[in-house]
J.: 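Can you keep this structure in mind? I'll have questions shortly.
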Number of protein chains: 2
Amino acid sequence: MTTPEIMSNGGKPQPFSDQCPSREILELIGGKWSLLILCLLKSGPMRTSLILRSIQGISQKMLTQTLRDLKRAGIVGRRSYGEVPPRVEYYLTPLGASLSVVALQLEQWVVDHYEQVVAAQDLFDTPQTA
Amino acid sequence: MTTPEIMSNGGKPQPFSDQCPSREILELIGGKWSLLILCLLKSGPMRTSLILRSIQGISQKMLTQTLRDLKRAGIVGRRSYGEVPPRVEYYLTPLGASLSVVALQLEQWVVDHYEQVVAAQDLFDTPQTA
DNA sequence: CTGCATCCTTTTCGATACTG
DNA sequence: CAGTATCGAAAAGGATGCAG
């Protein structure tokens with residue numbers, strides 16, 4: 001079985017295996033929308049339509065798809081009231097809540113350093129005549 | 001200017017702006033290979049060819065491209081010895097080092113929880129006859 | 001409202017060949 | 001060895017229409 005080899009390089013880096021499940025999970029989390037949704041749900045359960053309106057630029061297809069993947073991974077839960085019109089809420093599972101803590105740290109890093117990053121990018125893009 | 005709105009939702013979630021630079025940075029970091037590279041470089045500077053061999057499944061194109069983006073963002077640095085054949089090393093900048101701390105936490109989460117995630121996925125995929 | 005299926009466009013990525 | 005450019009395959013993503 002493939003244990004997460006991500007951590008196991010102490011100077012002599014073993015190759016990061018291709019079929020390592022960590023990679024897959026990392027991609028799910030690192031996906032374009034996952035972190036954003038996680039952050040939204042941190043405040044509590046939310047209806048689909050509200051999430052859709054809260055994340056500018058996401059399409060319904062991507063939202064449904066991402067939510068489905070997150071649900072499959074046990075990170076979010078889905079509650080459907082048997083109403084008409086339908087009413088569905090998504091919420092963080094305990095597992096998702098533990099992840100959201102880490103996600104928050106990553107986002108905090110971005111908040112703390114994005115000016116520095118943007119500055120670096122601008123400098124990089126400058127065709128320094130000197 | 002667009003401040004990182006990622007954090008600024010206290011119950012009443014403002015829409016996550018589309019042009020928010022945080023989003024772009026998050027995507028860079030969340031990219032398929034960035035975290036892996038970051039983790040590799042945590043142990044010290046490394047030559048291009050070694051990185052290439054250490055990350056199974058990455059192509060030279062993607063490696064070059066990712067390294068370029070990371071360098072542009074000021075996260076990694078590049079040192080070129082003026083030798084023939086060429087010899088280039090990449091390393092974490094102080095900015096990159098600070099990020100790698102957070103990245104490590106994310107990876108630690110995956111290591112700690114991936115069994116749980118995989119179990120959830122398996123359960124989800126099971127066409128539960130009951 | 002929520003979610004799925006279809007079509008079609010855009011983007012991503014790998015393979016290859018080539019320069020310094 | 002390190003990096004670039006090009007091309008074609010593959011995947012991602014948006015728009016739309018439809019069902020529950």
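Letters A, B, ... mirror the listed sequences (proteins, then strands); counts begin at 1.
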J.: Return the 5'-most residue of the pair P86(A), I58(A) with respect to DNA chain D, ranking by each residue's nearest nucleotide.
T.: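 Looking at DNA chain D, the more 5' nearest nucleotide goes with I58(A).
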J.: Grab the CD-C1' distance between Q56(B) and dG14(C) for me, whole Å please.
T.: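 About 16 Å, once rounded to whole Å.
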J.: Nearest whole angstrom, please: distance from the C1' of dC13(C) to the CD of E27(A).
T.: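 My rounded result for the distance is 13 Å.
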J.: Do the side chains of Y91(B) and M46(B) get nearer than 4.5 Å, heavy atoms only?
T.: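 Not touching, per the 4.5 Å side-chain cut-off.
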J.: Between V118(B) and D122(B), is any pair of side-chain heavy atoms under 4.5 Å apart?
T.: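 Yes, side chains in contact.
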J.: Ignoring hydrogens and angles, tell me if any N or O in the side chain of S54(B) forms a donor-acceptor pair with the backbone of L50(B) under 3.5 Å.
T.: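 Checking the backbone N and O of L50(B) against the side chain of S54(B), a donor-acceptor pair under 3.5 Å is found.
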J.: Give a yes/no answer on whether the side chain of Y90(A) brings an N or O atom under 4.0 Å of OP1 or OP2 in dG3(C).
T.: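 Yes, because at least one side-chain N or O of Y90(A) sits under 4.0 Å from OP1 or OP2 of dG3(C).
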J.: Please pick, from dC1(D), dG3(C), dC1(C), the nucleotide with the shortest atom-to-atom distance to any side-chain atom of T48(A).
T.: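 Selected nucleotide (nearest to the side chain): dG3(C).
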J.: Just checking G31(A): base, sugar-phosphate only, or nothing, at a heavy-atom cut-off of under 4.0 Å?
T.: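 Nothing, no nucleic acid heavy atom in range.
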J.: Could you list, one pair per line, each protein nitrogen or oxygen that sits under 3.5 Å from a nitrogen or oxygen of nucleotides 4-10 of chain D, together with the distance?
T.:
none

J.: Is a donor on one side and an acceptor on the other found under 3.5 Å between the side chain of R23(B) and the backbone of S17(B)?
T.: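 Judged by distance alone, yes, a pair lies under 3.5 Å.
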J.: Checking contacts here: which listed nucleotide (dA2(D), dG14(D), dT2(C)) is nearest the side-chain heavy atoms of R47(B)?
T.: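 From the listed options, dA2(D) comes nearest.
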J.: Report yes if some heavy atom in the side chain of D112(A) is under 4.5 Å from a heavy atom in the side chain of Q108(A); otherwise report no.
T.: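 A side-chain contact under 4.5 Å exists here.
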J.: Using modelled atom types only, decide if a donor and an acceptor are shared between the side chain of S100(A) and the backbone of A103(A) within a distance under 3.5 Å.
T.: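 No, because the side chain of S100(A) does not come within donor-acceptor range (under 3.5 Å) of the backbone of A103(A).
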J.: For G57(B) and for Q65(A), locate the closest nucleotide of DNA chain C by heavy-atom distance; then report the residue assigned to the nucleotide nearer the 5' terminus.
T.: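 Nearer the 5' end of the strand: Q65(A).
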J.: Quick one: which of dC1(C), dG14(C), dG3(C) gets closest to the side chain of M62(B)?
T.: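 Of all the options, the side chain of M62(B) is nearest to dG14(C).
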J.: Measuring from the side chain of S49(B) (C-beta onward, heavy atoms only), which nucleotide among dT2(C), dC13(C), dA2(D) has the closest atom?
T.: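 The answer is dA2(D).
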J.: Between the protein and nucleotides 8-10 of chain C, which nitrogen or oxygen pairs are less than 3.5 angstrom apart?
T.:
none

J.: How far does the helix from dC1(C)-dG20(D) to dG20(C)-dC1(D) bend, going by the axes of its first and last five pairs, to the nearest 10°?
T.: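 Comparing the first five pairs with the last five, the axes sit 40° apart.
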J.: Among H113(B), Q105(B), E107(B), which residue satisfies the side chain to side chain donor-acceptor pair (under 3.5 Å) criterion with W109(B)?
T.: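 In the set H113(B), Q105(B), E107(B), the residue that makes a side chain to side chain donor-acceptor pair (under 3.5 Å) with W109(B) is H113(B).
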J.: Give a yes or no answer on whether the side chain of T93(B) reaches the backbone of G74(B) with a donor-acceptor pair at less than 3.5 Å.
T.: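 Flag set: sc T93(B) to bb G74(B) pair under 3.5 Å.
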J.: Decide yes or no for Y114(A) and Q116(A): does some side-chain heavy atom of the first lie under 4.5 Å from some side-chain heavy atom of the second?
T.: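 Heavy-atom side-chain distance check fails, nothing below 4.5 Å.
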